[in-house]
Amino acid sequence: MPGFELFGEEERKEVNDVLETGILMRYGFDGPRKGVWKAKELEQAITYVFGTRYAQLTSSGTSALTTAMAALGIGFGDEVIMPTFTFVASFEAVLSVGAIPVLVDIDETLTLNPEAVKAAITPKTKCVMPVHMCGSMADLDALKQICDEHQLILLEDACQSIGGKYKGRSVGTIGDAGTFSFDFVKTITCAEGGVVMTNREDVYTKSDGYTDHGHDHKGVDRGADLHPFIGYNYRISELHAAVGLAQIRKLDTFLSIQKKNNLLLRSYLEKIPEISFRVVPDGGDDSCSFLSWFLPTEEITKAVVAEMKEQGILAGSFYWYVNNWHYLTKWDHLKTAATLHAISPEQKNALLSLQNKNYPASDAIMSRCICTSISLLWTEEQVRDKGEKMAAAIHKVLKQSLQHA
Ligand SMILES: *Cc1c(COP(=O)(O)O)cnc(C)c1O
């Protein structure tokens, strides 16, 4: 998964270009920067590599989501439908614009179940936000159809699925807008950074201003820019963009290594009939940053996790069901509306009401799911060794569970 594993000369060279001029900011200083514009260059590379008309870099994936929501006019009183399985950043962004996160069930794609989305639509629904978790994606055709029918915005949180494709198009470029994160553990890293991608000029222009205090960026003199609306500072720095520029040039290498390692590891688990795999929707092309697999029951899954831990082979494999960052059962701070400042009564009530909600369909999936992250550094021998050891641990647990049954 993470591009940081292949950090080297290329990144150092790009960063050095910026250090040579000393202009660490992405805007202004046209003379002293001597033609070095790393953020602009990275934005151009993103439009080209991922096939989106516009790209606006930001300081993080979270600020990219916040920016996209603001640019799409999502705010106070609006409901955003999102999955129960995601990273906390997804609901943080919804809350940051004053909107209400409406959590709905996932299916075996590990993101939004289209039927659950339909059932959750109310007159206040403004946006559907699938989160393409762990390298693969939602059934985007089904979600797009629902959005078209109900005139809703489709915003893709593709932060974890750089390189994933759906029907030939990059995830994150299919909805009204989409985001990537370039934080330290993502497929491409800038250390910290993110991007809003969109094919809509209005969304781009608003994102551009919003991330820079509302500057309209129309003049040559930054100090004389007009401010047609209120923005914030979600800018990326030239140093961060420089790292990303070196990384995006290596993306194809990252993806081909991921694919090779993923498929080889998968071949070991495929031999076990009790194991099934995450569903990739028709026409989908998994980025292969994770291998996501299911066991028959929660009990067996917990025993496999314990066995892998015992054998020292759990590192890099995640049982998200009991993880505080990724699944709603552990989000007590959300369910108690533990904010540092007052929020609207609508938001507060919606969050507190999560305490009374149950998601048995999501539980039934997440309690049986293990996601193994794929390293770019594994040798073939190491993947084979890992596959054999994982398969042995699983067989041991399955045998025990048969004896107990
Ligand atoms: C990483 C991530 C984000 C946020 O990214 P940051 O750059 O860490 O702010 C948002 N959504 C998902 C699904 C992520 O994995």
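Counting convention: from 1, in listed order, for ligands and their atoms alike.
- Any N or O atom pair closer than 3.5 Å counts here, and Q160 shares at least one such pair with ligand 1.
- An N or O contact shorter than 3.5 Å links K186 to ligand 1 by distance.
- Checked against a 6.0 Å centroid threshold, the rings of Y232 and Y210 count as neighbours.
- Less than 4.0 angstrom separates some heavy atom of C159 from each of these atoms of ligand 1: 2 (C), 3 (C), 10 (C), 11 (N), 12 (C), 14 (C).
- E79 and T122 share a donor-acceptor pair across their side chains, judged by distance under 3.5 Å alone.
- Nearest protein neighbour of atom 11 (N) of ligand 1, counting heavy atoms only, is D157 OD2, 2.9 Å.
- Of the protein's non-hydrogen atoms, the one nearest atom 8 (O) of ligand 1 is D183 OD2, 2.6 Å.
- The shortest contact between atom 9 (O) of ligand 1 and any protein heavy atom is with T62 OG1, 2.4 Å.
- Around the CZ atom of R12, the shell of radius 6.0 Å holds more than 12 heavy atoms that belong to other residues, nucleotides or ligands.
- In summary, the side chains of Y268 and R384 do present a donor paired with an acceptor at a separation below 3.5 Å, with no hydrogens or angles considered.
- Here V131 has side-chain heavy atoms under 4.0 Å from ligand 1, and that is the only part of it that gets that close.
- Between Y204 and A55, the shortest heavy-atom distance links the atoms CE1-O, 3.7 Å.
- For a threshold of 3.5 Å applied to N or O pairs, the pair formed by G61 and ligand 1 contains at least one separation below that value.
- Remark: ligand 1 atoms within the under-4.0 Å shell around heavy atoms of S60 are 7 (O), 9 (O).
- Side-chain atoms of S96 never come within 3.5 Å of backbone atoms of T66 as a donor-acceptor pair (strictly under, hydrogens ignored).
- The two atoms that bring P83 and I106 nearest to each other are CB-CG2, 3.7 Å, heavy atoms only.
- Heavy-atom proximity to atom 10 (C) of ligand 1, evaluated over S161, A93, A89, is greatest for A89.
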